[in-house]
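What follows is a single structure, written as structure tokens, with notes after it.
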Amino acid sequence: MVTCKTCGVNNAPGLLACRVCGGAVAQPTPQTFTTMASARTVTQVAPVQSVERVAVAVAPANSFLKKLQSGLGRAITLALWGAGGGLAGDLIFEFAPFQLMPLLSDSFAFAAAGCAIAAAITIGQAVYLKRAWLDSGTFLSGGFGLIAGAISGAIANVAYNLVGPNDFTRILAWGFVGLLLGLGLSFRIANLDRLRSVGAGLIGGLLGGVLEVIDSHVGAGVLSLLSCSAIGFLIALMIVVGDTLFREAWLEIQYGPRESRTVSLGRDPVCLGSSVSECAVYVRGVAPIARKYELVDRRVVSTDIDSGQRTWPTIDEAQTIGNVTVIVRGSK
């Protein structure tokens with residue numbers, strides 16, 4: 001029964017006016033939907049509150065998994081390059097005459113490893129984005145890694161002279177190498193947050209130092225090459241994973257149906273074009289700088305450089321630039 005708003009008389013369901021006074025009758029708000037099987041419209045009052053609770057509970061997990069999945073390929077690629085850099089740095093130290101000067105041997109070892117790891121990660125980033133890898137950026141990264149390693153090794157040598165060689169000092173020295181490498185790479189990799197990169201590099205260096213200390217006791221130096229590779233692997237992995245999990249928005253660059261890359265959006269504009277020196281993403285056959293993407297007030301802004309036209313693409317919106325498709329991704 002439905003109660004009349006005017007006189008309070010109960011009326012049968014479905015009446016629009018009261019059978020006594022003719023006043024308006026209160027009716028529940030219906031929700032309509034069409035079934036595919038019968039193509040008939042059915043009126044039903046649906047409870048909405050429970051659906052909203054489910055959506056809110058599921059959204060954070062989906063966002064976290066989406067971020068992790070989007071950066072998995074990049075993380076593995078750069079971590080493998082970091083491992084290769086650690087191996088190269090150890091080989092340089094082993095076969096170079098650095099060990100003829102025992103007082104500076106640690107400084108040389110850390111410098112060789114830092115230089116090779118930083119250069120390798122920078123090369124890995126360029127290869128990942130299909131850019132030319134042998135440029136000034138590679139040498140700058142290698143030089144910064146060389147200085148970072150030399151400083152860390154010198155600090156370790158001083159500590160050894162003061163308190164004697166110990167595992168704790170060596171682990172801290174590798175942590176300092178990772179910290180400085182994270183700082184240096186934040187200037188070379190687009191929108192790599194400096195604070196998070198430094199923290200992630202520190203964690204990776206400490207974990208790598210622990211592995212090297214374990215190897216020195218268990219493996220008797222036999223696995224030293226692998227331990228140095230593990231240090232490079234962990235430093236790169238922690239930096240990229242940290243960047244992936246905390247980014248708000250990123251670009252998915254699709255080169256084909258089964259090949260894609262991701263670039264984080266943040267404080268610096270991300271340029272796409274045929275200029276290797278000016279663009280983070282190389283696109284063949286277009287203007288030197290064809291398109292620019294920025295994150296402004298937590299909104300993605302796309303600028304066509306030739307026309308100057310600005311658009312505000314939404315999450316999962318795609319744009320075509322030359323032979324690539326660019327899709328804006330983000331946390332929903």
Residue pair L237 / A79: nearest heavy atoms and the distance that separates them: CB-CB, 4.0 Å

How far apart are the C-alpha atoms of W312 and V301, what are their side-chain angles, what is the distance that settles it, and do they pass the side chain to side chain contact (heavy atoms under 4.5 Å, CB included) test? CA-CA 5 Å; W312 289 262; V301 181; 3.4 Å; yes

Would you kindly confirm whether V296 and I305 end up in one hydrophobic cluster when ILVMFWY residues are joined by side chain heavy atoms under 4.5 Å apart? no

Identify the heavy atoms of V177 and G149 that sit nearest to each other, and give their distance. CG2-CA, 4.3 Å

Throw together a table of side-chain donor-acceptor distances under 3.5 angstrom for residues 108-132, partners on residues two or more places apart or in other chains.
from	atom 1	to	atom 2	distance (Å)
T122	OG1	A118	O	2.9
T122	OG1	S141	OG	2.8
Y128	OH	T262	N	3.0
Y128	OH	T262	OG1	3.4
K130	NZ	E259	OE2	2.7
R131	NE	C279	O	3.1
R131	NH2	V276	O	2.6

Give a yes or no answer on whether the side chain of S274 reaches the backbone of V286 with a donor-acceptor pair at less than 3.5 Å. yes

Same cluster or not: L251 versus I315, using hydrophobic residues (I, L, V, M, F, W, Y) connected whenever any side-chain heavy atoms lie under 4.5 Å apart? yes

Would F246 and D193 satisfy side chain to side chain contact (heavy atoms under 4.5 Å, CB included), going step by step from the backbone distance to the final call? CA-CA 9 Å; F246 289 98; D193 183 86; over 6 Å; no

What heavy-atom pair brings A148 and L180 nearest, and what distance separates the two atoms? CB-CB, 3.5 Å

Beyond-backbone contact of I203 with L207, side-chain heavy atoms, under 4.5 angstrom: yes

Roughly how far, to the nearest 0.5 Å, is CD1 of I327 from OG of S260? 8.5 Å

Quick check for you: to the nearest 0.5 Å, what is the distance between R267 atom CZ and L192 atom CG? 7.0 Å

Mind checking whether L140 and V198 sit in one hydrophobic cluster, side chains of I, L, V, M, F, W, Y counted as touching below 4.5 Å? no

Working to the nearest 0.5 angstrom, can you tell me the gap between I151 CD1 and L146 CG? 10.0 Å

Are F176 and I147 grouped together when hydrophobic residues (ILVMFWY) are joined by side-chain heavy atoms under 4.5 angstrom apart? yes

Applying side chain to side chain contact (heavy atoms under 4.5 Å, CB included), run through W250 and V263 and close with a yes or a no. CA-CA 6 Å; W250 63 95; V263 183; over 6 Å; no

What's the spacing between L78 CG and I235 CD1 if we round to 0.5 Å? 12.5 Å

On a heavy-atom basis, which atom in G182 and which in I239 lie closest, and how many Å separate them? CA-CD1, 3.7 Å

Counting distance only, does the side-chain N/O of N191 pair as donor-acceptor with the main-chain N or O of S264 below 3.5 Å? yes

Count the heavy atoms of every other residue, nucleotide or ligand shown that sit under 6.0 Å from OH of Y255, and state whether that count exceeds 12. yes

Taken to the nearest 0.5 Å, the spacing of L211 CG from S229 OG works out to 11.5 Å

When I253 is tested against each of L272, T325, V283 for side-chain contact (heavy atoms from CB on, under 4.5 Å), which residue passes? L272

If every non-hydrogen atom of C271 is compared with every non-hydrogen atom of K292, which pair is closest and at what distance? SG-CG, 4.1 Å

In the structure I gave you, are the side-chain heavy atoms of R247 and L265 within less than 4.5 Å of one another anywhere? no

When you look at E294 and V300, which way does the side chain to side chain contact (heavy atoms under 4.5 Å, CB included) test go after all the steps? CA-CA 6 Å; E294 301 173 274; V300 179; over 6 Å; no

Over all heavy atoms of both residues, which pair between I321 and A290 is shortest? Give the atoms and the distance, please. CG2-CB, 4.2 Å

Verify, without hydrogens or angle tests, whether S107 (side chain) and G153 (backbone) share a donor-acceptor contact under 3.5 angstrom. no

Quick check on the hydrophobic clustering: are F233 and L72 connected, directly or via other members, by side-chain heavy-atom contacts under 4.5 Å? yes

Taking C-beta and beyond as the side chain, do R329 and D316 meet within less than 4.5 Å on heavy atoms? yes

Interatomic distance, E248 atom CD to L295 atom CG [nearest 0.5 angstrom]: 6.0 Å

When you measure from the side chain of N166 to the backbone N and O of F168, does any donor-acceptor pair fall under 3.5 Å? yes

Quick one: salt bridge (charged side-chain N to carboxylate O under 4.0 Å, His left out) partners of R258, sequence neighbours excluded? none

So do the side chains of V326 and R291 get within less than 4.5 Å of each other, counting heavy atoms only? no

With a 4.5 Å limit on heavy-atom distance, are the side chains of V328 and T314 in contact? no

